[in-house]
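Inspection log for the structure reproduced underneath, given as structure tokens.
Predicted, not measured: the structure shown is a model, and the values here were computed from it.
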Amino acid sequence: MTIAKVEVERFSLTSLKPFDTVVAAFKSAVGQPDMLDFFKETRATNSFLDLERVVQGGLGRTDLMLFAEFDLGDILRRETGSRTPKIIRFVVGNPLIMKEMVKHVPDAGSYAPVTVLIDERRDGVHVSYDKMESFLRHYGSSEALAVARNLDAKITTLLRECAG
């Protein structure tokens with residue numbers, strides 16, 4: 001049995017924009033394919049080029065797609081009967097980017113696709129992302145780190161746009 005300690009760097013911004021505006025900006029920038037259809041189509045491909053075509057069709061302008069959305073705030077609001085808190089966790093990524101990281105560091109599959117958290121607090125709307133580079137740093141693969149840095153840049157740029 002092996003246990004490794006992974007130090008994670010969190011990128012976080014606070015926006016004064018309304019929660020729904022930040023969420024809408026984020027969602028408009030990532031592809032939102034019907035995931036059941038998407039996985040059905042990817043499994044039906046016979047070549048990497050066909051697979052790549054299906055993936056490209058599911059990506060948004062940021063070369064990312066939404067895999068899942070969890071409205072954590074909804075669960076909390078139901079418990080309390082309140083209109084707050086507002087907290088949504090988005091699982092986003094790009095299978096082609098994930099492939100490149102996993103090729104060099106199989107454990108990258110534990111961290112990708114990535115999570116973006118958008119939550120409303122008293123001081124504003126927080127957008128947070130745990131940087132992929134920090135997850136992969138201790139594996140020592142310069143190839144995987146280069147891909148992770150690129151992914152981090154895409155996501156942090158997107159979050160700046162949404163929050164700004």
Side-chain angles (χ1 to χ4, degrees), residues 3-39 42 55-56 58-79 84-139 141 144-164:
I3 297 176
K5 188 174 186 176
V6 177
E7 187 173 320
V8 178
E9 296 170 0
R10 174 160 282 188
F11 174 89
S12 190
L13 294 170
T14 303
S15 176
L16 297 179
K17 291 181 179 179
F19 179 84
D20 292 336
T21 301
V22 175
V23 168
F26 180 80
K27 289 177 77 171
S28 73
V30 297
Q32 297 179 54
D34 177 293
M35 291 315 289
L36 292 176
D37 290 342
F38 176 78
F39 287 123
T42 59
V55 170
Q56 293 293 342
L59 301 175
R61 69 170 175 82
T62 55
D63 286 335
L64 300 168
M65 70 174 63
L66 178 64
F67 286 94
E69 177 179 328
F70 303 99
D71 189 341
L72 307 172
D74 180 55
I75 296 167
L76 292 166
R77 290 188 305 272
R78 287 172 191 250
E79 178 186 51
T84 59
K86 294 181 181 177
I87 306 170
I88 300 179
R89 177 183 180 212
F90 296 99
V91 179
V92 297
N94 177 328
L96 302 173
I97 293 171
M98 291 185 288
K99 168 194 67 81
E100 287 303 310
M101 288 185 294
V102 170
K103 202 169 22 174
H104 303 289
V105 176
D107 283 355
S110 296
Y111 312 118
V114 300
T115 293
V116 170
L117 185 69
I118 302 178
D119 68 289
E120 185 175 60
R121 303 180 199 176
R122 289 184 182 181
D123 64 338
V125 175
H126 291 242
V127 291
S128 303
Y129 164 67
D130 295 337
K131 293 176 69 179
M132 181 60 73
E133 180 184 6
S134 66
F135 285 119
L136 300 185
R137 187 173 292 121
H138 79 278
Y139 293 97
S141 168
L145 284 174
V147 176
R149 284 184 195 112
N150 234 1
L151 175 62
D152 289 344
K154 282 181 189 296
I155 294 176
T156 57
T157 297
L158 170 58
L159 296 183
R160 281 186 184 99
E161 287 174 12
C162 296

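- Y129 pairs by the ring pair (Phe, Tyr, Trp, His ring centres under 6.0 Å) definition with nothing, not counting sequence neighbours.
- Among residues two or more places apart in sequence or in another chain, the side-chain hydrogen bond (donor to acceptor under 3.5 Å, both in side chains) test is passed with N150 by none.
- Taking every heavy atom of both residues into account, V91 and P113 meet most closely at CG1-CG, 3.5 Å.
- The heavy-atom pair separating A4 from H138 by the smallest distance is CB-NE2, 4.2 Å.
- Counting heavy atoms from C-beta on, the side chains of D123 and T14 come closer than 4.5 Å.
- With contacts defined as side-chain heavy-atom distances shorter than 4.5 Å, the pair L145/V105 does not qualify.
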Checklist entry - Could you walk me through whether D130 and T115 pass the side chain to side chain contact (heavy atoms under 4.5 Å, CB included) check? => result CA-CA 7 Å; D130 295 337; T115 293; over 6 Å; no
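- For the pair V55/N94, a side-chain contact is recorded, criterion being any heavy-atom separation below 4.5 Å from C-beta on.
- Ion pairing between a basic and an acidic side chain is recognised when a charged N comes within 4.0 Å of a carboxylate O; R78 and D71 show no such pairing.
- In terms of the side chain to side chain contact (heavy atoms under 4.5 Å, CB included) criterion, residue partners of A163 (sequence neighbours excluded) are, by chain and number, L13, S15, V127.
- The side chain to side chain contact (heavy atoms under 4.5 Å, CB included) test applied to D20 returns K86, not counting sequence neighbours.
- E69 meets the side chain to side chain contact (heavy atoms under 4.5 Å, CB included) test with K27, L66, I88, F90; sequence neighbours excluded.
- Checked against side-chain hydrogen bond (donor to acceptor under 3.5 Å, both in side chains), T21 has no partners two or more places apart in sequence or in another chain.
- With contacts defined as side-chain heavy-atom distances shorter than 4.5 Å, the pair V92/V114 qualifies.
- Sequence neighbours left out, the pairs with a member in residues 150-164 that pass salt bridge (Lys or Arg N to Asp or Glu O under 4.0 Å) are R61-E161, D63-K154.
- With sequence neighbours left out, the ring pair (Phe, Tyr, Trp, His ring centres under 6.0 Å) criterion links F38 to no other residue.
- A 4.5 Å side-chain heavy-atom check between L136 and M101 finds at least one atom pair inside the cut-off.
- Considering only residues two or more places apart in sequence or on other chains, L72 meets the side chain to side chain contact (heavy atoms under 4.5 Å, CB included) condition with F70, I87, R89, L117.
- Counting only heavy atoms from C-beta outward, the side chains of E100 and I97 never approach each other to under 4.5 Å.
- The side-chain hydrogen bond (donor to acceptor under 3.5 Å, both in side chains) check on T156 picks up nothing, with sequence neighbours excluded.
- Test E9, E7, K131 against R137 for side-chain contact (heavy atoms from CB on, under 4.5 Å) and you get one pass: E9.
- A pairwise comparison of heavy atoms in A29 and L158 identifies CB-CD1, 3.3 Å as the closest pair.
- The shortest heavy-atom contact between P85 and L76 is CG-CD1, 3.7 Å.
- Listed here is the closest heavy atom pair of M65 and G58: CB-O, 3.4 Å.
- K17 NZ to C162 SG: the interatomic distance, rounded to the nearest 0.5 Å, is 7.0 Å.
- I155 is not listed as a side-chain neighbour of M132, based on a closest heavy-atom distance of 4.5 Å or more.
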Item to check | Chi angles and distances behind the side chain to side chain contact (heavy atoms under 4.5 Å, CB included) call for R77, D74 | outcome: CA-CA 5 Å; R77 290 188 305 272; D74 180 55; 3.6 Å; yes
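- Contacts of Q32 classified as side-chain hydrogen bond (donor to acceptor under 3.5 Å, both in side chains), with partners at least two apart in sequence or in another chain: none.
- Residues P33 and F39 have side chains not in contact (no heavy-atom distance under 4.5 Å, counting atoms from C-beta outward).
- Under the side-chain hydrogen bond (donor to acceptor under 3.5 Å, both in side chains) criterion, the residue pairs touching residues 104-114 are D107-Y139, Y111-Y139, with sequence neighbours excluded.
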